[in-house]
Amino acid sequence: MDKHAQKIAADLLHLRGQVLSKGDPVALPLVSSSMFHLPGDPEGAAAYGRVDNPTWDALEHSLSVLEDAPCVAFPSGMAAISAALFATLKAGQTLLIPSDGYYVTRLLSDRFLSQFGVRVVQRPILGFADGGFDGIDVAFIESPSNPGLDLCDIHAIATAVRKAGGTTIVDNTTMTPFGQRPLDLGVDMVVASDTKAPGGHSDLLMGHVATRNTALRDAVLDWRKMSGAIPAPHAAWLLHRGLETLDVRFDRMCQSAAIIAPALADHPAITAIRYPGLATDPAHALAKRQMSRFGFLIGLTLDTKDRAEAFITGCRYLRPATSFGGLHSSAERRARWGDDVAGGFVRLSVGCEPVDQLLADLMTSLDRLMSK
Ligand SMILES: *Cc1c(COP(=O)(O)O)cnc(C)c1O
């Protein structure tokens with residue numbers, strides 16, 4: 001981890017400590033109140049639970065230190081993505097999205113935004129810049145893409161989009177700010193699902209928007225107030241707690257993935273592998289340039305759907321589940337949701353188990369396939 005990320009990780013644990021008075025709880029209190037004591041002139045005080053909550057304030061303070069930018073918290077990643085898109089787009093404008101990114105972003109664009117007169121254009125992440133950005137008002141990037149783990153050059157795209165007069169948004173869910181900092185690469189806005197690694201315990205859904213552009217931040221905040229897409233205080237409190245261990249968990253997960261990926265790549269039951277940290281991966285050179293870690297996701301292909309299922313269910317330390325980024329390693333065949341990937345493609349999310357145990361378990365399950 002570089003010095004800047006180390007400082008952020010240390011600061012995150014002591015933000016609240018800077019404002020405590022004698023006798024205050026060190027841990028963040030959970031405030032669940034719709035009403036606030038508000039006699040007379042309402043200026044300058046918490047007023048109503050759709051607009052103000054001290055537990056959100058503490059969470060957004062932590063998120064803003066993590067992102068190095070003001071943040072607005074949302075009740076899910078999709079709520080954050082909706083806020084970012086509805087706050088930036090107008091009828092008659094053009095939105096460019098990945099054809100191979102998170103599928104619900106595509107559904108939202110095709111089923112709802114297009115009905116309000118937004119033209120939606122799709123391109124694969126590999127080749128996202130092909131065709132240029134003239135006439136693109138908002139470019140929405142996912143790199144590495146979920147689930148294919150393709151990359152695109154975020155800085156080059158953000159620069160070209162800005163030159164063409166557009167706005168760039170990056171979905172940074174797969175990396176978190178400890179692995180990649182798109183705002184420092186020049187993009188206007190970051191969105192993320194905190195349901196994944198930031199929450200980290202598979203017990204909450206949350207998301208956030210981060211931006212250094214005051215007008216965009218105000219628009220996103222207004223969207224939250226008026227649409228009512230507000231986080232529940234309990235989920236905000238859980239996420240605040242999760243953020244305090246994100247650095248430790250993310251570090252373990254990325255280190256383990258770096259040990260597991262080469263071992264899987266050499267196994268005869270695996271026909272293809274994607275992991276940006278492998279020197280043989282087509283995205284490796286770009287990953288080294290724009291990411292500070294290679295992440296904890298590995299894309300594996302086995303030769304059939306049945307073999308892929310048998311691999312997953314044959315592992316003791318792997319939960320067969322959708323979603324990723326939790327303490328517990330998990331995996332699933334993405335073709336079961338209709339993603340445009342091979343039937344035997346498995347997205348593996350490396351968790352926090354001690355790596356020797358996890359690796360031995362994965363290898364045993366793969367070896368068993370070969371002896372059948
Ligand atoms: C999970 C995910 C989302 C949606 O997040 P929710 O918290 O489930 O709403 C968006 N983008 C990516 C890349 C994701 O993996």
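All heavy atoms count here, side chains included; hydrogens, waters and symmetry mates do not. When a ligand or atom number is given, it counts from 1 through the structure's own listing order.
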Going through the checks in order, is the salt bridge (charged side-chain N to carboxylate O under 4.0 Å, His left out) test met by Asp150 and Arg274? CA-CA 8 Å; Asp150 273 325; Arg274 288 304 303 270; 2.8 Å; yes
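Under 4.0 Å is where a charged nitrogen must lie from a carboxylate oxygen, and between Asp303 and Arg307 at least one such pair does.
Using bins of under 30°, 30° to 60° and over 60° for the plane-to-plane angle, the ring pair Phe250/Phe296 lands in the perpendicular bin.
Legend: residues meeting ring pair (Phe, Tyr, Trp, His ring centres under 6.0 Å) with His284, ordered by chain and number and at least two apart, are Phe294. Partners of Val65 by side chain to side chain contact (heavy atoms under 4.5 Å, CB included), not counting sequence neighbours, listed by chain and number: Ile8, Asp11, Leu12, Leu15, His61.
Applying the ring-ring contact (aromatic ring centres under 6.0 Å, His included) test to every pair with at least one member in residues 65-92, sequence neighbours left out, gives these pairs: Phe86-Trp223.
Closer than 4.0 angstrom to ligand 1 sit non-hydrogen atoms from Ser76, Gly77, Met78, Ile81, Tyr102, Glu142, Asn146, Asp171, Thr173, Ser193, Thr195, Lys196, Met206, Phe324.
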